[in-house]
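I have placed the structure first, in the form of structure tokens, so that the comments after it can refer back to it.
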Amino acid sequence: MPSAASAASAASAASAASAASAASAASAAAAGSAVRPEVTSAVLSVPAADPAVAAAHFAARLAFEADVSDVRADLLAGVPGVVVVDSRSDAAWAQGHIPGALHIPTARIAELAPSLIDPAATVVTYCWGPGCNGATRAALAFARLGHQVKEMIGGFEYWVREGFAFETAQGPEQRRIDDLTAPRSGISCAC
């Protein structure tokens, strides 16, 4: 338990600091500058990683993920060795899917993948969207079978929101570009 003397000393120090702060504020006000309260940073409340650690982290993320624009570019270019897999249900597939994708529901990957996908290919899985981890589960299933695999971030939702054509049970469709996901021009953002 602190002594009365140490408590009095602490109170005196706090009082002196408060007086110094008030004097500094008065001096700043007299000089015509506004006194701003101390600002704490939500961003910097946890310091940024060392650049080498950050580089390793972001390189690893790119090794596990691909975005919808990059997947579309590879599909349009006919890049060999990339297989896009829709891991959703039959009803979801009928509602809409990426042209050129294979339909293998997650529960059937172990059964169907060996006969449908070249083991040397890189598989890109997708599901509904960012709120669904079905593509993650599908990617795990492919990795467990020995495939190189990436997850398409954004899923089918962002494919559609970026204005890319898709197939349905009734035929091809395409929706207007969502301004929050891509430039209205339809030209890739080239991030």
Item to check | Pairs touching residues 124-133 that satisfy side-chain hydrogen bond (donor to acceptor under 3.5 Å, both in side chains), sequence neighbours left out | outcome: D86-Y126, N133-R137

Checklist outcome for this item: When every non-hydrogen atom of A110 is compared with those of L145, the smallest separation belongs to CA-CD1, 3.9 Å

Next on the checklist: With rounding to the nearest 0.5 angstrom, report the CD1 to NE2 distance, I98 to H103.
Outcome noted: 12.5 Å

Checklist outcome for this item: d(D179 CG, R176 CZ) to nearest 0.5 Å is 6.0 Å

Item to check | CE-CZ distance between M152 and R72, expressed to the nearest 0.5 angstrom | outcome: 12.0 Å

Show me the side-chain donor-acceptor pairs of residues 52-63 shorter than 3.5 Å, one per line, residues at least two apart or across chains.
none

Next on the checklist: If we count only N and O atoms by modelled type, under 3.5 Å, do the side chains of Q95 and T168 hold a donor and an acceptor together?
Outcome noted: no

Checklist entry - If two hydrophobic side chains count as joined below 4.5 Å and joins carry through other members, does V79 share a cluster with L76? => result no

Item to check | I104 and I117, any side-chain heavy atoms less than 4.5 Å apart | outcome: yes

Checklist entry - If you look at every heavy atom in G134 and T106, which pair is closest and at what distance? => result O-OG1, 3.8 Å

Checklist entry - When hydrophobic residues are tied together by side-chain contacts of less than 4.5 Å, even through go-betweens, does V123 share a cluster with L116? => result yes

Checklist entry - How would you list all residue pairs meeting ring-ring contact (aromatic ring centres under 6.0 Å, His included) that involve residues 132-151, not counting sequence neighbours? => result F142-H147

Item to check | Close side-chain approach of P105 and R88, heavy atoms under 4.5 Å | outcome: no

Checklist entry - Is the closest side-chain heavy-atom distance between E65 and K150 below 4.5 Å? => result no

Next on the checklist: Quick check on Q148: does its CD atom have over 12 non-hydrogen neighbours (other residues, nucleotides or ligands) under 6.0 Å away?
Outcome noted: no

Next on the checklist: Quick check: closest heavy atoms across A135 and C127, and the distance to 0.1 Å?
Outcome noted: N-CB, 3.4 Å

Checklist entry - Can you name the closest pair of heavy atoms from D67 and I153 and give their distance? => result CA-CG1, 3.9 Å

Checklist entry - For the residue pair V68 and G155, what are the closest heavy atoms and their distance? => result CG1-O, 3.7 Å

Next on the checklist: I want to check something: taking the side chain as every heavy atom from C-beta on, are P99 and F164 in contact at a cut-off of under 4.5 Å?
Outcome noted: no

Checklist entry - Going only through I, L, V, M, F, W and Y residues with side-chain contacts under 4.5 Å, is there a path from L112 to V83? => result yes

Next on the checklist: Taking the side chain as everything from C-beta on, heavy atoms only, tell me whether V149 gets closer than 4.5 Å to V124.
Outcome noted: no

Item to check | Nearest-0.5 Å distance that lies between atom CZ in F166 and atom CH2 in W159 | outcome: 11.5 Å

Checklist entry - Taking the side chain from Q174 and the backbone from G163, do they hold a donor-acceptor pair closer than 3.5 Å? => result yes

